[in-house]
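The structure appears right after this line, and notes come after that.
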Amino acid sequence: MDKRSLCLLLICINLCLVIWLVSVQQLPMLEAEIIADFSGSGGISSSSTAQPPTSAKSGLRRSRSQPNQIHQPSRTPSNSNDSSLVSNTFDNHPMGTPPTLASQTPTPPQSSMHLMDLPNFVYLIDQPACDKDVRALILVHSAVRNIEKRRIIRETWANRSYIDQTPLKVYFLVGGVSAKSEKWQQFLGRENHLHGDLIQGNFKDAYRNMTYKHVMALKWFNEKCAHAQLLVKVDDDVFMNTPQLVKYLATPSLPEYSMLRDPNLMLCRSVHHSRVKRSYRSKWRVTYKEYPNRFYPEYCPGMAIVYAPEVVRRLYEAAQKSKYFWVDDVLITGILAEETGSKITPLQHYLEQKDVRKLVGGEADLEDPPFLFTNHAIKPDESMTIWQMALDRMQRPLLTQPAYSSASSASRSAPVAPSANISEVAQTSSTGLS
Ligand SMILES: *[C@@H]1O[C@H](CO)[C@@H](O)[C@H](O)[C@H]1NC(C)=O
Ligand SMILES: *[C@@H]1O[C@H](CO)[C@@H](O)[C@H](O)[C@H]1NC(C)=O
Ligand SMILES: *[C@@H]1O[C@H](CO)[C@@H](O)[C@H](O)[C@H]1NC(C)=O
Ligand SMILES: CC(=O)N[C@H]1CO[C@H](CO)[C@@H](O)[C@@H]1O
């Protein structure tokens, strides 16, 4: 009896010791990883094992990373390719007048330049503010290297020949590449030159930096598109049924029409009672410091979320003051939504993997059931097939005329630089759709 309880006590003490040791050692580990990260290959994927930033550690993280700040244009005026990238950005400025080259001078521009705990946030690639007729802004979260996914999306549900005739606007959000991957930056510059649809922040594009991207989406909408009725946030492996959204926006007799006008809308397939991953084996382990509770609050998985502007504003303001937590959807649509009293509206218009297979296999109709989003991990050929079905359904011969001329003519008084080249490119490279 006595021995037994003594044994138990010893085990307890041991356990406590182990826990304490692990928690104390996290800091030096983090430091080592950051040094390795920045002196190492500098590739985008090399950071995947880095510890997520927390507010307790962010001071350290910042002071270490600042000298290496990736493609901070104001710090690298000597790099001609960087400055050409920046001037390309300014060509797209809504007013058509380049700001007084703040990027070339060491003084930062006056508007709020921080994004959560990042003090020097800037857009490395930017787009003009939304036209008045934009009703829904669709921001697609994409990783720098997901060129193929962006290509498929541009060929299908975000095809400009279609989108430019609708009140929708689609942009892709990417992060920065490390200074050593300049080729990728040049590639992105060219991609944007062709398509004019990238928005790039200067935080490193990394899985554990997704919260920056999400808050950047809120920021961009808030500052450049707040008159629109909706912000749609999707991942680049989701098929978004854009014609269906257009229909809902334009048909007052449908219940969805009024649902999408709810000023408190935050629409998604929410997740309840999700347990926090604590396993030490998991690459994506969340520490107790990062998030202390056992379960997350109800939240919207990031793959597809529809926000009303008022909700975006509230969440953005809360996020700017919030401690960084790398699980972006939990932080923004769970924790901060709770904090700001934003409720989730359950999304019915959604296709599971098996429904996608049925649809693609011809066993179901595009409108039966009607959907706004598919599950994530959609395959290219599935996207192509569903888009072809959507095209077949729309009677108008949408895609016969030269791309982009009709829709953009009305609103474009500002000189948007690449438009001439875009149509050229679109015509010469229209090999894609089967
Ligand atoms: C800029 O990019 C071009 C190719 O696009 C390359 O030939 C040139 O060396 C680059 N210049 C600098 C300073 O990196
Ligand atoms: C949009 O669709 C048209 C017609 O199917 C196609 O020729 C074009 O390449 C598509 N646009 C893009 C950017 O893929
Ligand atoms: C996130 O971005 C910041 C700013 O660019 C960078 O210092 C940090 O290392 C990035 N985090 C990861 C995990 O790559
Ligand atoms: C590649 C290409 O065609 N570039 C053209 C883009 O548009 C400008 C101005 O319209 C031309 O000067 C470029 O030659």
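Every number for a ligand or one of its atoms is a count from 1 in the order of the listing. Just the heavy atoms: all of them, side chains too, but no hydrogens, waters or symmetry mates, feed the values below.
A tilted orientation is assigned to the rings of Phe325 and Tyr296, their planes being inclined by 30° to 60°. Using a 30° and 60° split on the angle between ring planes, Phe239 and Trp387 fall in the tilted class, from 30° to 60°. Using a 30° and 60° split on the angle between ring planes, His349 and Tyr248 fall in the perpendicular class, above 60°.
Near Ala206, meaning under 4.0 Å from any of its heavy atoms, are these atoms of ligand 3: 12 (C), 14 (O). Residue contact check: Glu155 has heavy atoms under 4.0 Å from atoms 14 (O) of ligand 2.
An N or O contact shorter than 3.5 Å is missing between Tyr212 and ligand 3 by distance. Looking at Arg208 next to ligand 3, no N or O pair under 3.5 Å apart turns up.
When the heavy atoms of Arg160, Arg154, Arg151 are ranked by distance to atom 12 (C) of ligand 2, first place goes to Arg154.
Between Asp197 and the options Arg154, Lys169, Gln127, a side-chain contact (heavy atoms from CB on, under 4.5 Å) holds for only Arg154.
Annotation: side chain to side chain contact (heavy atoms under 4.5 Å, CB included) contacts of Pro297 (sequence neighbours excluded): Tyr291, Ile335, Glu338.
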